[in-house]
Amino acid sequence: MSDSLIEGLKAGEEKAFRQLVENWQDRVYNTCWGFLRNDEDAEDMAQEVFMEVYRSVGKFEAQAQIGTWLYRIAVNKSLELIRSRKRKKRFAFLLSFSSDTPFTEPHSTDHPGVILENRERAGLLFQAMEKLPESQRTAFTLHKVEGLSYVEVGEIMHQSVSSVESLMVRAKKNLQKYLADYYQKK
């Protein structure tokens, strides 16, 4: 991103903001989808990301890369939504003990940016990813789903490259364990 675009964003220029959205909307959407796995949620969250950028562009530090900043906002916003839903899910679970209405959560495994021959296996992988601790899931999603380098993932997560490598090793081991458990049950 050029310095003039950043200056335009800070000055509140509509043209600069439109250019930012055009250049980054697909990557921001895909990042959100990688965590939320629902088209509507990912679209809503991508809009939230750009609204946050608009509100806080004055805080953007020129030495940082705008892509890193955008990914960080997308990850944080997505994780906030997941945490919020987990709290609501726990509350609904507790309420289900006192009501006759069963609690169910809708699932979606359609991702427009990824073509997979076997949707069941993709669904299993995403389900297994949900079981990962948050830091492992974040590193795995950014590296494997979004294709970012360990350096980029480290910048987004405020971690060293060796920490990201360690997170990836643990994430892969945990995923292998979760998937092995599934296939052994079949």
Side-chain angles (χ1 to χ4, degrees), residues 1-87 108 110-116 125-126 129-130 132-172:
M1 284 290 138
S2 70
D3 289 336
S4 63
L5 177 64
I6 294 169
E7 290 172 19
L9 289 169
K10 287 185 176 186
E13 293 175 10
E14 185 178 329
K15 180 181 176 185
F17 189 72
R18 188 174 25 252
Q19 183 182 353
L20 176 77
V21 171
E22 288 173 4
N23 290 343
W24 286 93
Q25 65 186 352
D26 290 341
R27 289 178 270 190
V28 167
Y29 169 86
N30 287 336
T31 300
C32 294
W33 197 97
F35 287 94
L36 304 171
R37 291 189 340 275
N38 176 289
D39 294 336
E40 291 173 10
D41 288 343
E43 287 174 16
D44 290 346
M45 196 53 55
Q47 288 178 4
E48 283 286 324
V49 168
F50 287 111
M51 288 177 10
E52 178 67 25
V53 166
Y54 185 79
R55 284 189 299 262
S56 62
V57 71
K59 298 176 189 174
F60 178 71
E61 299 172 11
Q63 71 268 17
Q65 291 187 16
I66 200 155
T68 301
W69 188 51
L70 284 167
Y71 278 119
R72 187 176 302 134
I73 293 170
V75 168
N76 288 339
K77 291 267 183 205
S78 297
L79 291 174
E80 285 172 16
L81 180 62
I82 290 168
R83 287 184 206 115
S84 170
R85 287 191 173 157
K86 282 183 179 180
R87 283 189 299 272
S108 169
D110 293 332
H111 188 296
V114 178
I115 299 172
L116 293 171
L125 175 60
F126 280 115
M129 286 170 57
E130 279 185 18
L132 293 174
E134 190 174 282
S135 59
Q136 291 176 25
R137 184 174 68 234
T138 300
F140 190 86
T141 300
L142 290 172
H143 181 66
K144 292 296 187 182
V145 177
E146 291 302 312
L148 299 179
S149 70
Y150 284 175
V151 172
E152 293 169 315
V153 173
E155 289 173 4
I156 292 165
M157 295 182 67
H158 298 291
Q159 299 279 330
S160 67
V161 172
S162 61
S163 294
V164 172
E165 290 171 348
S166 177
L167 287 170
M168 287 298 297
V169 167
R170 291 193 311 262
K172 288 176 187 177

Listing, residues 136-145 side-chain donor-acceptor contacts under 3.5 Å, not counting sequence neighbours, or none:
unit_1	atom_1	unit_2	atom_2	d
Gln136	OE1	Asn174	ND2	2.8
Thr138	OG1	Glu134	O	2.8
Thr141	OG1	Arg137	O	2.8
His143	ND1	Leu148	O	2.7

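- Of the possible polar contacts, one joining the Ser78 side chain to the Ala74 backbone as a donor-acceptor pair under 3.5 Å is found.
- Using a 4.5 Å heavy-atom cutoff, the side chains of Tyr150 and Met168 are in contact.
- Sorted by first and then second residue, the salt bridge (charged side-chain N to carboxylate O under 4.0 Å, His left out) pairs involving residues 149-166 (not counting sequence neighbours) form an empty list.
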Side chains of residues 47-60: which donor-acceptor partners sit under 3.5 Å, not counting sequence neighbours?
unit_1	atom_1	unit_2	atom_2	d
Glu52	OE1	Arg55	NH2	3.0
Ser56	OG	Glu52	O	2.7

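- Inspection of the Thr31 and Arg27 side chains reveals no N or O donor paired with an N or O acceptor under 3.5 Å.
- Nearest heavy atom pair, residue Ile156 against residue Arg72, reads O-NE, 3.2 Å.
- The CD1 atom of Ile6 sits 5.0 Å away from atom CD1 of Ile66, with the distance rounded to the nearest 0.5 Å.
- One distance of note links CH2 of Trp24 with CH2 of Trp69; it measures 12.0 Å at 0.5 Å rounding.
- Atom CG of residue Leu81 and atom CG of residue Asn76 lie 13.0 Å apart, to the nearest 0.5 angstrom.
- Residues Cys32 and Lys77 form no side-chain contact, since every pair of their non-hydrogen atoms from C-beta on lies 4.5 Å or further apart.
- For the atom pair Gln25 CD and Arg18 CZ, the distance stands at 12.0 Å (nearest 0.5 Å).
- Within the 4.5 Å cutoff, the side chain of Arg37 has heavy atoms near those of the Glu130 side chain.
- Rounding to the nearest 0.5 angstrom, the gap separating the OH atom in Tyr71 from the CD atom in Glu146 is 5.5 Å.
- Rounded to the nearest 0.5 angstrom, Phe17 CZ and Leu5 CG are separated by 11.0 Å.
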